[in-house]
Amino acid sequence: MLWSCFQLQNWGRCLLKGALPGPVVLGPNSQLHARAYAPPAERKRFYQNVTITQGEGGFEINLDHRKLKTPQAKLFTVPNEALATAVATEWDSQQDTIKFYTMHLTTLCNTSLDNPTQRNKDQLIRAAMKFLETDTICYRIEEPETLVELQKNEWDPMIKWANKRYDVEIGTSTSILGPSIPAKTQETLTSYLASYNMWALQGIEFVVAQLKSMVLTLGLMDLHLTVEKAVLLSRLEEEYQIQKWGNIKWAHNYELQELRARTAAGTLFVHLCSESTTVKQKIL
């Protein structure tokens with residue numbers, strides 16, 4: 001590839017296995033056959049160069065002379081150059097084979113373009129808000145004392161931050177039913193999410209689903225948390241049990257790295273979907 005930002009190249013190379021729908025590439029005379037909205041495991045790399053062109057609808061990705069298209073055969077077009085650069089980096093990072101399950105940004109774009117579940121903005125917001133009712137860091141245990149203290153020390157500052165930052169009331173509970181979320185809190189956060197565009201909301205819902213926490217996702221969107229910290233907080237109980245009882249090292253490491261990669265990709269996607277500037281530095 002003839003251009004890109006070094007930092008985005010690193011992002012593309014570190015993305016691990018995902019489960020979002022994957023892309024297809026069509027030439028001028030190709031036809032799209034019926035297929036499941038899911039990526040093949042791998043495919044031999046068939047292109048040499050990845051480039052970006054600006055069309056009427058936005059920025060397009062070209063693999064040699066082929067224009068990238070979505071699984072529903074729509075032209076793969078993204079709203080700004082920064083996101084196009086990140087997606088192109090994913091394609092350029094593929095080696096001898098294309099591992100579609102590593103291309104989270106590409107597949108999030110496919111989801112936004114094809115909208116396979118045909119949801120509107122209000123439905124996306126409601127889907128994300130449902131996680132607030134079962135937020136990971138709002139559920140507390142009563143024993144053992146060491147874990148109770150760990151939850152208090154690590155999770156309480158996040159809830160305190162969210163309450164102050166968004167002027168809401170989010171509590172905790174040891175009940176299986178979880179804490180009661182005031183209507184005003186739900187209205188405030190719903191209004192906040194409505195300030196994002198449809199593409200960003202797809203990314204927000206994706207991140208919330210990874211972390212099982214609206215509060216931690218808000219921390220990422222507001223740059224209050226790093227991805228590593230957000231993932232650690234979302235896995236606090238698992239990490240506590242691992243420290244106490246041990247683990248299957250390779251399985252734990254793989255699961256942790258995968259969660260970090262998916263969370264990082266979703267967070268980057270949200271921020272890039274909110275980006276309106278062009279990429280100023282390119283490697284020629």
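Everything numeric in this text was worked out from a predicted model, so none of it was measured.
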request  = Identify the heavy atoms of Gly178 and Ser173 that sit nearest to each other, and give their distance.
outcome  = C-CB, 3.6 Å
task = To the nearest 0.5 Å, tell me how far Glu258 CD sits from Thr263 OG1.
result = 10.0 Å
request  = Drop me the distance from Leu220's CG to Leu211's CG, to the nearest 0.5 angstrom.
outcome  = 6.0 Å
ask   = When hydrophobic residues are tied together by side-chain contacts of less than 4.5 Å, even through go-betweens, does Tyr139 share a cluster with Val231?
value = no
task = Establish whether Leu177 and Leu132 are linked, either directly or via other cluster members, by ILVMFWY side-chain heavy-atom contacts under 4.5 Å.
result = no
note = Heavy-atom nearest pair, Trp91 first then Arg45, reads O-NH1, 3.8 Å
query = Would you say the side-chain atoms of Thr185 pair up with the backbone N or O of Glu169, donor to acceptor, closer than 3.5 Å?
reply = yes
message = side chain to side chain contact (heavy atoms under 4.5 Å, CB included), that's the test. Do Tyr47 and His65 meet it? Break it down for me.
response = CA-CA 9 Å; Tyr47 55 91; His65 62 281; over 6 Å; no
inquiry  = Looking at Lys160, I want to see if its NZ is surrounded by more than 12 non-hydrogen atoms of other residues, nucleotides or ligands under 6.0 Å.
reply    = no
ask   = Would you say Asn62's side chain and Lys67's backbone share a donor-acceptor pair under 3.5 angstrom?
value = no
message = If you apply the rule side chain to side chain contact (heavy atoms under 4.5 Å, CB included), what do you find for Gln123 with Thr117, and how did you get there?
response = CA-CA 10 Å; Gln123 289 171 319; Thr117 55; over 6 Å; no
Separation between CD of Glu237 and CG of Leu150, rounded to the nearest 0.5 Å = 9.0 Å
query = Distance only, no hydrogens: is a donor on one side chain within 3.5 Å (strictly under) of an acceptor on the other, for Asp135 and Ser213?
reply = yes
task = Evaluate the side-chain proximity of Met221 to Ile204: yes if any heavy-atom separation is below 4.5 Å, no if none is.
result = yes
key: Val78 side chain reached by Glu60 side chain, heavy atoms, under 4.5 Å   = no
message = I'd like to check Thr190 versus Met129 (side-chain heavy atoms, cut-off strictly below 4.5 Å). Are they in contact?
response = yes
task = Start with the C-alpha gap between Thr136 and Phe131, add the side-chain angles, then the distance that decides, and say whether side chain to side chain contact (heavy atoms under 4.5 Å, CB included) holds.
result = CA-CA 9 Å; Thr136 294; Phe131 284 90; over 6 Å; no
query = Is the number of heavy atoms from other residues, nucleotides or ligands under 6.0 Å of Glu145 CD greater than 12?
reply = no
task = Kindly give the heavy-atom pair with the smallest separation between Lys74 and Leu113, and that separation in Å.
result = NZ-O, 3.0 Å
message = How close do Pro116 and Thr111 get, counting heavy atoms only, and between which atoms?
response = CD-O, 3.7 Å
inquiry  = Donor-acceptor check, side chain of Thr102 to backbone of Lys99, threshold 3.5 angstrom: yes or no?
reply    = yes
inquiry  = What's the separation between atom CG in Leu256 and atom OH in Tyr254, rounded to the nearest 0.5 Å?
reply    = 12.5 Å
Side-chain heavy-atom pair Thr134, Lys212 within 4.5 angstrom cut-off = no
message = In the structure I gave you, are the side-chain heavy atoms of Asp156 and Gln151 within less than 4.5 Å of one another anywhere?
response = no
remark   = All heavy atoms of Arg235 vs all of Glu255, minimum pair found to be NH1-OE2, 3.0 Å
ask   = Does a salt bridge link Asp222 with Arg165, judged by any charged N lying under 4.0 Å from a carboxylate O?
value = yes
message = So does Val270 get a backbone contact from the side chain of Ser274, meaning a donor-acceptor N/O pair under 3.5 Å?
response = yes
key: Any donor-acceptor pair under 3.5 Å from Asp92 side chain to Ala88 backbone   = no
request  = Indicate yes or no for a side-chain donor-acceptor contact from Asp64 to the backbone of Arg66 under 3.5 Å, with no hydrogens or angles considered.
outcome  = no
message = Does any part of the side chain of Leu216, heavy atoms only, come nearer than 4.5 Å to the side chain of Met158, both counted from C-beta?
response = yes
query = Does the Ser191 side chain pair with the main chain of Glu187, one donor and one acceptor, at a distance under 3.5 Å?
reply = no
query = Ile125 and Ala194: which non-hydrogen atoms are nearest, and at how many Å?
reply = CD1-CA, 3.7 Å
task = Using a strict cut-off of less than 4.0 Å between a Lys/Arg side-chain nitrogen and an Asp/Glu carboxylate oxygen, indicate whether Asp96 and Arg43 qualify as a salt bridge.
result = no
Expected output: side-chain Thr174 to main-chain Glu142 donor-acceptor under 3.5 Å = no
key: Within-4.5 Å side-chain heavy-atom neighbours: Phe269 and Cys109   = yes
remark   = In this structure, CZ of Phe59 is separated from CD of Gln54 (nearest 0.5 Å) by 3.5 Å
inquiry  = Please check this pair: side chain of Gln95 against backbone of Ser93, looking for a donor-acceptor N/O pair closer than 3.5 Å.
reply    = yes
ask   = Are the charged groups of Arg119 and Glu205 less than 4.0 angstrom apart, N to O?
value = yes
key: Contacts of type side-chain contact (heavy atoms from CB on, under 4.5 Å), residue Lys130, not counting sequence neighbours   = none
request  = Go through the steps to decide whether Gln186 and Glu133 satisfy the test side-chain hydrogen bond (donor to acceptor under 3.5 Å, both in side chains), and finish with yes or no.
outcome  = CA-CA 10 Å; Gln186 297 194 31; Glu133 302 170 3; 4.7 Å; no
query = Got a sec, which pairs hit ring-ring contact (aromatic ring centres under 6.0 Å, His included) with one end in residues 163-194, sequence neighbours left out?
reply = Trp161-Tyr166, Tyr166-Tyr192, Tyr192-Tyr196
query = Run the side chain to side chain contact (heavy atoms under 4.5 Å, CB included) check on Glu154 and Lys229 step by step: do they pass?
reply = CA-CA 10 Å; Glu154 296 293 334; Lys229 183 65 173 179; 3.2 Å; yes
ask   = Is there a donor-acceptor contact under 3.5 Å from the side chain of Asn80 to the main chain of Leu272?
value = yes
message = Could you tell me if the side chain of Ser234 sits less than 4.5 Å from the side chain of Leu259, heavy atoms only?
response = yes
inquiry  = Using side-chain hydrogen bond (donor to acceptor under 3.5 Å, both in side chains), reason through Glu90 and Thr106 one step at a time and then give a plain yes or no.
reply    = CA-CA 8 Å; Glu90 284 190 330; Thr106 298; 2.7 Å; yes
